[in-house]
Amino acid sequence: MKIKILFLICLLFTGCYNYSELSDFAIITGAGIDYKDKMYELSLMVANTKNSSSSEKEGNSKTSIISGKGKTITEALLDIESKSSKEIYLGHIGVLIINENVPIYNVMDTFFRNPESLKKYYIILSKDATSKDVLKTLSPLDNFPSQNIITNIKNSNKTIGYVPEVIASEFLYNVINNDVDAILPSITIEGKVSNSDNIKDLDKSSSDTYLKLSNIAIFKNYKLVGYATKSESKGINILNNNINNLVIKIKYKDCYVVTKLDNIKTKVTNKIKISSIGSINETNCKIDLTDEKVIKNINKKANKEVHKLVNKAIKKSNETNSKFIKIKNINDYKIYVDININTKGSLQNTIKEIINEKN
């Protein structure tokens with residue numbers, strides 16, 4: 001009998017005491033932080049869950065941006081909450097855009113402490129543009145445009161080679177770690193930027209206004225110390241094993257040969273060894289690709305090109321006095337620009353192989 005009574009009591013007192021409807025929340029998919037005149041501006045991209053089907057039919061944006069200002073980031077967030085009829089929820093944030101003028105330490109000390117955030121979102125630095133404008137430019141591109149920039153970063157890392165993928169937890173670790181300095185990908189806006197805060201303007205799409213991923217931003221402790229060039233950025237990613245594929249252009253006689261390097265791996269023992277498998281993608285002049293001597297010469301030039309990229313990265317580390325290369329005792333290699341790098345670039349899928357397959 002006592003057991004039955006206890007069972008009934010358990011049924012009465014169990015349940016979701018803190019249950020809330022999805023419509024009660026403003027679900028944040030992207031955020032941007034700007035800093036001007038000693039004031040922070042926090043911009044949040046909100047997924048518009050209300051009437052999403054009708055919004056899609058009418059061509060209305062399925063996201064909106066709401067901003068707040070304050071002397072601290074927390075104050076800016078409270079300013080947003082005072083304007084919103086829904087509870088701000090940061091648990092689904094996909095990307096955090098930080099303007100290059102924002103003190104990074106303050107972002108770490110407030111935004112990263114939020115218990116709702118999983119610290120798995122991507123971080124990117126807005127260059128020559130406010131993060132709010134970046135979010136505005138994103139909005140017309142997709143139903144959930146914050147995901148668009150994440151996809152862009154992933155795809156660019158696989159192809160162009162100078163865009164690293166950096167998530168919040170990794171960035172936080174590198175900033176507070178004395179052994180390695182942090183780096184971030186950067187993004188800028190090409191074309192005319194609208195200064196309007198009207199959400200209806202987000203529905204307008206302009207083909208000559210778009211976002212462009214740019215070079216690596218380099219930090220020393222908590223401060224931005226500069227940007228790497230495209231070549232330096234590629235070298236940084238190669239040394240840090242942050243790249244798998246890379247397309248390089250090689251000068252060959254009076255023309256160019258484009259080669260794609262795959263499965264790039266960097267190993268450090270008593271020397272830095274970089275290995276890869278490559279293929280010829282394009283030639284803009286007449287070259288006999290069935291000649292083994294030609295292929296060997298192209299392979300040699302590919303090795304030299306990768307060697308140059310790595311050396312430029314090490315030189316940049318020297319110039320900025322920043323330890324963004326994740327190799328211990330890298331200073332030993334910095335002293336000698338011609339460090340021992342063995343680069344393998346076996347160029348496959350040549351015309352000769354195609355001919356052999358047909359025969």
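- Atom NZ of K251 has more than 12 heavy atoms from other residues, nucleotides or ligands within 6.0 Å.
- In this structure, CG in L213 is found 11.5 Å from OG in S233, a value given to the nearest 0.5 Å.
- Of the possible donor and acceptor atoms, one in the side chain of D181 sits under 3.5 Å from a partner among the backbone N and O of K323.
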Note to self: For a side chain to side chain contact (heavy atoms under 4.5 Å, CB included) check, start with the C-alpha distance between L239 and I314, then their side-chain angles and the critical distance, and finish with the verdict.
What the structure shows: CA-CA 9 Å; L239 288 170; I314 295 173; 3.9 Å; yes
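- A 6.0 Å sphere centred on CG of D254 holds no more than 12 heavy atoms belonging to other residues, nucleotides or ligands.
- Using modelled atom types, one side-chain atom of N240 and one backbone atom of F324 make a donor-acceptor pair closer than 3.5 Å.
- Checking side-chain atoms of S214 against main-chain N and O of S186 turns up no donor-acceptor pair under 3.5 Å.
- Here the straight-line distance linking atom CD1 of I98 with atom CG of L224 works out to 11.0 Å at 0.5 Å rounding.
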Margin query: As a quick check of understanding, evaluate side chain to side chain contact (heavy atoms under 4.5 Å, CB included) for K260 and N245, giving each step before the final call.
Written below: CA-CA 7 Å; K260 182 183 177 184; N245 307 305; 4.3 Å; yes
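- No side-chain donor-acceptor contact under 3.5 Å links E100 to the backbone of L125.
- For N99 (side chain) and A129 (main-chain N/O), a donor-acceptor pair under 3.5 Å exists by modelled atom type.
- Heavy-atom minimum distance, I274 versus I264: CG2-CG2, 4.1 Å.
- For D79 and K69, the salt-bridge test fails: no basic side-chain N is under 4.0 Å from an acidic carboxylate O.
- The backbone N or O of V306 sits nowhere less than 3.5 Å from a side-chain atom of K234 that would complete a donor-acceptor pair.
- Within the model, atoms NZ of K301 and NZ of K304 stand 6.5 Å from one another, a figure rounded to the nearest 0.5 Å.
- Taken to the nearest 0.5 Å, the CD1 atom of I104 stands 13.0 Å off from the OH atom of Y35.
- Taking every heavy atom of both residues into account, K83 and S67 meet most closely at NZ-O, 2.8 Å.
- Summarising the geometry, atom CG belonging to L309 is positioned 9.0 Å from atom CD1 belonging to I243; distances are rounded to the nearest 0.5 Å.
- Annotation: ring-ring contact (aromatic ring centres under 6.0 Å, His included) contacts involving residues 164-193, sequence neighbours excluded, comprise F171-F219.
- Without hydrogens or angle criteria, D37 side chain to M39 main chain gives no donor-acceptor distance under 3.5 Å.
- Each of I216, N215, V163 was scored for a side-chain contact (heavy atoms from CB on, under 4.5 Å) with K230, with one residue passing: N215.
- Under a 3.5 Å cut-off, the side chain of N174 and the backbone N or O of V180 do not form any donor-acceptor pair.
- Contact between I80 and G68 at its shortest, heavy atoms only, is CG1-N, 3.3 Å.
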Note to self: Determine whether L44 and L77 satisfy the following criterion, side chain to side chain contact (heavy atoms under 4.5 Å, CB included), listing intermediate values before the conclusion.
What the structure shows: CA-CA 9 Å; L44 301 179; L77 180 59; 4.1 Å; yes
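- Sorted by first and then second residue, the ring-ring contact (aromatic ring centres under 6.0 Å, His included) pairs involving residues 227-279 (not counting sequence neighbours) form an empty list.
- Here the shortest heavy-atom pairing between T72 and E75 reads OG1-N, 3.0 Å.
- Considering all non-hydrogen atoms of both residues, I272 and T266 come closest at CG2-CG2, 3.9 Å.
- Y222 meets the side-chain hydrogen bond (donor to acceptor under 3.5 Å, both in side chains) test with no other residue; sequence neighbours excluded.
- Here K223 contributes atom NZ and S322 contributes atom OG; the two are 13.5 Å apart, rounded to the nearest 0.5 Å.
- Between the side chains of S131 and D34, at least one donor N or O sits under 3.5 Å from an acceptor N or O.
- Minimum heavy-atom separation, I167 to K120: CG2-O, 3.8 Å.
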Next item on the list: Kindly determine whether I124 and L184 satisfy side chain to side chain contact (heavy atoms under 4.5 Å, CB included), including the steps that lead there.
Entry: CA-CA 6 Å; I124 192 166; L184 281 179; over 6 Å; no
